[in-house]
Every structure is written in C-alpha cells, then in structure tokens.
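In this text the structure is predicted, and so the values were computed from the model without any measurement. All chains are named by letter (A, B, ...) in the order of the sequence lines, taking the proteins before the strands, and each is independently numbered beginning at 1. Side chains included, hydrogens not; waters and symmetry mates left out as well; all remaining heavy atoms used.
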Number of protein chains: 2
Amino acid sequence: MIAQRGQLNAVGATVDQRSVPATDQRSVPEATVARLATYLRALIGLGEHGVATVSSESLATAAGVNSAKLRKDLSYLGSYGVRGVGYDVSVLTEQINKTLGLHQNRAVALIGLGHLGQALAGYAGFASRGFRIAALIDAHPALVGTRLHGLTVQHVDELADIVRRESIAIAVVAVPAAAAQDVCDRLVSAGVTSILNFAPTVLNVPSHVDVRKVDLAAELQILSFHDNRKSGRPECAGALGAEQSLAVPSTGKVAVVR
Amino acid sequence: MIAQRGQLNAVGATVDQRSVPATDQRSVPEATVARLATYLRALIGLGEHGVATVSSESLATAAGVNSAKLRKDLSYLGSYGVRGVGYDVSVLTEQINKTLGLHQNRAVALIGLGHLGQALAGYAGFASRGFRIAALIDAHPALVGTRLHGLTVQHVDELADIVRRESIAIAVVAVPAAAAQDVCDRLVSAGVTSILNFAPTVLNVPSHVDVRKVDLAAELQILSFHDNRKSGRPECAGALGAEQSLAVPSTGKVAVVR
DNA sequence: ACGCCTTTGTGAAGGCATTCACAAAATCGC
DNA sequence: GCGATTTTGTGAATGCCTTCACAAAGGCGT
C-alpha cells in the first residue's frame with residue numbers, strides 16, 4: 001500500500017531517474033524512521049562543514065549507531081551509496097528529507113502556552129528542521145490576544161477554523177493533562193492527523209490519527225530505573241524494606257557491562 | 001506505538017548473586033521499563049479516584065496498551081495480582097515505584113536555562129513524580145545568581161561541587177547543541193551516571209553512563225513521515241480537504257495535487 | 001463444599017529489529 | 001587492463017518483543 005509519491009518538489013526536478021522503488025515508504029520499518037531524523041541531523045552538520053562524501057562508518061559514528069544498522073536503514077530508501085566511496089552528503093540529505101516529507105515547511109499548531117508551550121513556541125529547532133509554527137492557541141483569556149514570537153495567541157474555540165485556514169496536519173499539545181483529551185478531540189475533528197503530546201496522559205484517537213508522546217517525567221523514571229540498578233544493592237532503604245535487608249554485599253559486586 | 005527507544009548504552013546484564021526473586025530488576029526488558037512509567041501514572045490516577053482494585057484489562061485500557069502486554073510486563077516484577085480479581089492498586093503502585101527506584105525523591109540537576117530550561121525548571125510534573133530539581137546551572141553571566149522557581153542559578157564551573165554536595169546522579173541537559181558535549185563531559189567526570197539530553201546532538205559517554213535523548217524536532221519529523229504517507233493514500237475518508245490525491249491504481253502510484 | 005465464573009501468569013508462536021558476514025561494485029595505482 | 005582495496009547492500013542468523021491462547025488460581029453463590 002501507499003505507493004511512491006510523485007513529488008512536485010520545487011528545487012530542481014530531481015525526480016527519480018531511477019525506475020526502482022525510490023523512496024518506497026511502504027516498507028520503511030518504524031525503528032528506521034525514528035533514526036532517519038538523527039541521520040538527517042548528522043548529514044546537515046557534515047554538509048555545513050563542507051563534507052561532500054561520507055562512509056557508512058563515519059556517518060554511523062556521527063549518529064551514534066553502528067554502521068550495519070545505518071546501511072540497512074538507508075537501504076530501505078533505495079540505493080544511494082557508491083561502493084568503495086560512500087554516500088554523497090547532499091544527495092542523501094535530500095533523499096531523507098523527501099522520505100520524511102520535509103520538502104516543504106510543514107505548518108504546525110501549538111496548543112497550550114504555559115511554561116512549556118511558550119518555550120516550544122520559541123524553539124528555533126523547529127523552524128530549522130522543517131516546521132513552521134503557524135498558530136498559537138490557548139484557552140486562558142489573559143493569554144489570548146497577546147503576541148508571542150511573532151504570532152498572536154488565539155482562542156481554542158477558533159481551533160477548527162485555524163486548522164482549516166492554515167492547512168494544518170500536525171499539532172503539538174502542551175496543555176495540562178486534564179484538558180488534553182478535550183483539545184485532542186477538537187483537533188481530530190478539525191482534521192489534524194498527527195499529534196505530538198506533551199501532556200502526561202493517554203490520548204484516545206481514531207486509528208487514522210497518529211500520536212507521539214513526550215513524557216518528561218517518564219524519561220527520568222526510566223533513567224532512575226537503570227540508575228537504581230547500577231548503584232547496586234541499596235534499594236528500598238525505608239518504607240517497605242523487609243525482604244531486602246539480606247542483600248549480599250560481601251563481593252561488593254557492581255553492575256558489570258560488556 | 002512508535003515508542004521511543006533508548007540510545008546505545010545497552011546497560012548489560014548484571015552479575016548474579018541472586019536469591020531474591022522479588023523485584024528482580026535484572027531481567028526487566030527495556031521495553032517494559034519504558035511502559036512501567038505509564039502504568040504508574042495510570043495507577044496513581046485510579047488511586048486518586050478511590051479505585052482499590054483493577055483488572056489487567058482496565059488498567060491496560062487506561063495505559064493505552066493491550067492487556068496481554070500489560071500482564072506480561074507486570075509479571076517481570078513478580079506476581080502481584082489475584083486471579084479472578086485483579087491487582088490491588090496501592091500494592092502495584094508501590095511495587096512499580098520500588099522497581100523504578102522512586103522510593104525517595106531523586107535529586108536532579110538542570111543545566112541550561114534558556115527557554116526550554118526555564119520551562120523545565122518550573123515543570124510541576126517532575127516534583128509530583130519522584131524528582132526534585134536540586135540545582136539550576138548555566139554559563140551565562142546574566143543568569144548566574146538570579147533566582148528561578150526557588151533556586152539560585154549557579155555557574156557551570158561549580159558543577160562538580162554541586163553534583164557531589166547534592167549527591168546528584170541524574171542530570172537534565174538543556175543547553176545549545178554546541179555546548180552539550182562539553183557539559184556532558186563535565187557531568188560525567190563529576191560522577192553523574194544518567195543524563196536526559198534535550199540538545200539535538202549525540203552525546204558520547206562511557207559505558208557506565210546512561211543517556212536518553214528527547215529530540216523535539218525529530219518527533220515532529222517522525223510524525224511528518226507518517227503524515228506524508230497517509231496523505232498519499234485516501235484510506236479513511238479524511239474530510240479535511242486541503243489536498244486532493246489522484247490515485248493511479250494500475251501502477252499503484254499516487255500523485256498529489258495541491 | 002462444590003461448581004461456576006473471572007482473571008491472572010506464562011509457555012509457545014510469530015513478527016520485528018539488529019547484527020553478522022560476505023559477495024558485488026566501484027575506484028585507484030600501476 | 002587488472003588486481004588490490006575499499007565500502008556498499010543484503011541474505012541469513014540471532015535475539016527481543018508482542019501476541020495468542022489456555023491452564024491454573026482464586027473468589028462467590030448456593
């Protein structure tokens with residue numbers, strides 16, 4: 001399903017001169033997609049340093065993965081490397097851009113302008129990596145109408161209009177957990193098909209809508225788990241100890257890795 | 001789906017020394033750990049609503065996963081359910097807390113107080129979910145010395161002292177990409193063993209240090225990929241116009257007209 | 001006490017993802 | 001032109017995660 005798209009794509013009619021399934025998004029594994037963004041970042045960095053060609057080995061190092069994985073990942077996009085030489089930085093950059101659908105800046109709506117929302121509104125990384133924040137939305141009367149990073153905050157009741165007017169497909173939700181599902185429902189019925197959720201709650205959406213969540217505290221909790229494990233024995237010091245007291249510290253063993 | 005993944009740093013298996021079956025953290029799969037935080041959130045929510053017992057089915061729904069997965073995940077922690085009844089909310093909450101090492105509040109250092117850093121400094125979700133921001137650190141002279149959310153911003157040169165004084169094992173890095181590796185190196189040599197990185201760059205760390213990254217633009221790019229794919233095929237009648245697709249069944253190709 | 005009903009915990013199967021390892025392709029030096 | 005050298009692209013193997021499906025375990029009603 002989902003065949004290749006005939007990209008109009010301004011910059012040069014670089015259209016596929018290949019007859020092969022270039023940019024065959026059908027089968028790009030999820031894990032690979034998640035890494036493409038990292039590769040893209042690394043490639044852009046290389047390009048800015050004037051590097052014209054890069055081997056899978058060094059690109060992999062720059063992206064923090066091993067080269068076999070990188071090559072397999074890239075192979076899903078088509079065959080853009082040259083054996084014995086490596087990858088052309090600009091070609092590969094363009095190819096990943098295309099695969100990720102970043103050929104044109106995508107309009108994004110940001111809902112919720114608390115501390116986090118305001119920070120996101122000013123985050124330069126969005127603009128520099130293919131996204132344009134096209135609307136700022138909040139429900140708080142004191143915020144609506146104020147200007148922020150060049151945009152006027154609009155009321156959440158106008159959400160549907162805004163989404164349609166600006167052809168917004170992607171929204172960032174940075175409202176309190178209690179309000180998130182409601183905002184989400186409004187977004188979905190307005191036609192948004194992709195949501196990045198910062199609220200610590202599960203969003204229920206119809207199957208044609210994609211949700212990615214960023215749960216900041218959860219990230220720390222995951223680190224905490226590993227840290228707990230690394231630091232060895234001293235676990236539940238207080239509260240519910242009982243069974244733990246007979247740890248075996250004699251060897252003082254610590255987590256040994258590789 | 002599309003759950004985030006950790007980075008390198010697999011954190012290998014620890015040594016044996018076993019004989020304590022309960023809370024055997026040695027073998028909890030990474031994917032499970034990442035979900036425990038979500039279960040915990042759901043459980044706390046249930047607890048606050050006075051729910052005393054919950055079945056795997058309804059807890060799974062609350063957490064947005066299927067019940068088989070939830071049961072298997074919980075089985076790694078031990079056997080805390082009662083057949084025919086379900087799980088005791090408070091027992092399970094406590095158990096997950098323990099597994100994640102959240103029995104006592106963990107001190108966290110936050111480095112970088114730009115827009116994002118300031119938002120994180122004020123993020124209530126950290127405090128309510130087991131973490132205490134114990135230090136705010138930046139390099140900018142204009143920021144050092146100012147008070148923010150009850151803490152005085154300290155200079156990055158004092159980082160090592162602060163980490164030791166406060167027994168900090170976890171740090172949040174919210175500095176510009178160009179400064180991230182340097183800050184990271186300082187953290188590691190000061191003894192920090194877990195890092196949550198918001199800078200869009202790969203951090204190199206020794207194998208005993210854990211890094212998790214949150215790349216905001218990458219999240220959007222991943223959504224963009226799927227969105228790109230979706231809009232190429234008129235699967236579900238998306239009543240959101242803006243784009244019209246012309247499918248060419250014979251070749252399976254799709255052209256997008258804007 | 002005794003079935004009945006509900007729900008857990010878990011082997012087994014199936015699906016993805018990662019890693020391995022090597023043949024194929026391309027350049028370079030001579 | 002040709003062999004040496006480099007590096008890609010990819011089958012095959014391995015391992016991890018998810019899903020299935022069901023026996024075992026416990027409460028409840030009678």
Side-chain angles (χ1 to χ4, degrees), chain A residues 18 20-24 26-36 38-39 43 51-89 91-92 95-96 222 258, chain B residues 1-13 21-24 26-36 38-39 43 51-89 91-92 95-96 222:
Chain A
R18 310 167 166 281
V20 214
T23 315
D24 183 355
R26 260 171 296 226
S27 55
V28 184
E30 190 53 40
T32 294
V33 174
R35 284 187 295 265
L36 287 180
T38 306
Y39 303 155
L43 281 167
V51 178
T53 285
V54 66
S55 69
S56 65
E57 193 62 43
S58 46
L59 180 54
T61 302
V65 302
N66 73 50
S67 65
K69 192 187 282 185
L70 177 112
R71 286 200 301 279
K72 183 147 290 245
D73 282 343
L74 295 184
S75 77
Y76 293 112
L77 311 192
S79 186
Y80 297 104
V82 178
R83 292 172 194 231
V85 177
Y87 299 88
D88 181 286
V89 172
V91 167
L92 193 52
Q95 211 45 238
I96 295 181
I222 294 165
R258 58 173 82 214
Chain B
M1 52 150 38
I2 317 178
Q4 1 296 49
R5 271 105 191 154
Q7 212 146 286
L8 29 88
N9 244 25
V11 186
T23 316
D24 185 354
R26 271 168 288 244
S27 55
V28 184
E30 189 55 37
T32 294
V33 174
R35 283 186 297 263
L36 287 180
T38 305
Y39 302 156
L43 281 167
V51 177
T53 286
V54 66
S55 69
S56 65
E57 193 60 43
S58 47
L59 180 54
T61 301
V65 302
N66 72 52
S67 65
K69 191 187 284 184
L70 177 114
R71 285 199 302 277
K72 181 145 293 233
D73 283 342
L74 294 184
S75 76
Y76 293 112
L77 310 192
S79 187
Y80 297 104
V82 178
R83 293 174 194 232
V85 176
Y87 300 88
D88 182 287
V89 172
V91 167
L92 193 53
Q95 211 45 239
I96 296 180
I222 294 165

Legend entry - B:Tyr80 side, atom OH; B:Ser75 side, atom OG - distance, nearest 0.5 Å: 11.5 Å
Inset, instruction - Give the rounded distance in Å between these two atoms: CD of A:Glu30 and C1' of D:dT18. - result: 15 Å
Inset, instruction - Take the protein atom CG of A:Asp88 and the nucleotide atom P of D:dT8, then report the distance between them rounded to whole Å. - result: 13 Å
Could you list, one pair per line, each protein nitrogen or oxygen that sits under 3.5 Å from a nitrogen or oxygen of nucleotides 28-30 of chain D, together with the distance?
none

Inset, instruction - Starting from the first five and the last five pairs of the helix from C:dA1-D:dT30 to C:dC30-D:dG1, work out the angle between the resulting helix axes, to 10 degrees. - result: 10°
N/O contacts under 3.5 Å, protein versus nucleotides 19-24 of chain D?
unit_1, atom_1, unit_2, atom_2, d
D:dT19, OP2, B:Asn66, ND2, 2.7
D:dA24, N3, B:Arg83, NH1, 2.7

Inset, instruction - For A:Thr38 and A:Ala34, work out which heavy atoms get closest and say how close. - result: OG1-O, 4.1 Å
Legend entry - Atom-to-atom span, CG of B:Leu77 to C1' of C:dT10 - whole angstrom: 15 Å
Inset, instruction - Rounded to the nearest angstrom, tell me the gap between atom CG in B:Asp73 and atom P in C:dT10. - result: 13 Å
Inset, instruction - List for me each residue that meets side chain to side chain contact (heavy atoms under 4.5 Å, CB included) alongside A:Ala60, sequence neighbours excluded, and say none if there are none. - result: A:Val65, A:Ser67, A:Leu70
Legend entry - Shortest non-hydrogen separation from A:Tyr76 to A:Ser27 and the atoms involved: CD2-O, 4.1 Å
Inset, instruction - Starting at atom CG of A:Leu74, determine the distance to atom C1' of D:dG9, rounded to an integer number of angstrom. - result: 10 Å
Inset, instruction - Would you kindly give the CZ-to-P distance between B:Arg35 and D:dC16, to the nearest whole Å? - result: 15 Å
Legend entry - Approximate separation, where rounding is to 0.5 Å, of B:Lys72 NZ and B:Ser56 OG: 13.5 Å
Inset, instruction - Would you mind reporting whether A:Tyr39 and A:Leu74 have side-chain heavy atoms less than 4.5 Å apart? - result: yes
Legend entry - A:Ile222 vs B:Glu30 side-chain heavy atoms within contact, under 4.5 Å: yes
Legend entry - Interface with DNA chain D, restricted to residues 52-59 of chain A and to heavy atoms under 4.0 Å: A:Ser55, A:Ser56
Inset, instruction - To the nearest 0.5 Å, tell me how far B:Leu43 CG sits from B:Leu59 CG. - result: 5.0 Å
Legend entry - Atom pair distance, as rounded to whole Å: OH in A:Tyr76 and P in D:dG9: 13 Å
Legend entry - Most 5' of B:Tyr87 and A:Gly84 on DNA chain C, judged by nearest nucleotide: B:Tyr87
Inset, instruction - List the atom of B:Val91, the atom of B:Asp88, and the distance in Å for their closest heavy-atom pair. - result: N-OD1, 3.0 Å
Inset, instruction - Could I get the full list of side chain to side chain contact (heavy atoms under 4.5 Å, CB included) partners for B:Val85, not counting sequence neighbours? - result: B:Thr53, B:Val82
Legend entry - Atom-to-atom span, CG of A:Leu92 to C1' of D:dT7 - whole angstrom: 15 Å
Legend entry - Spacing of CG belonging to B:Leu77 relative to CG belonging to B:Leu92, to within rounding of 0.5 Å: 7.5 Å
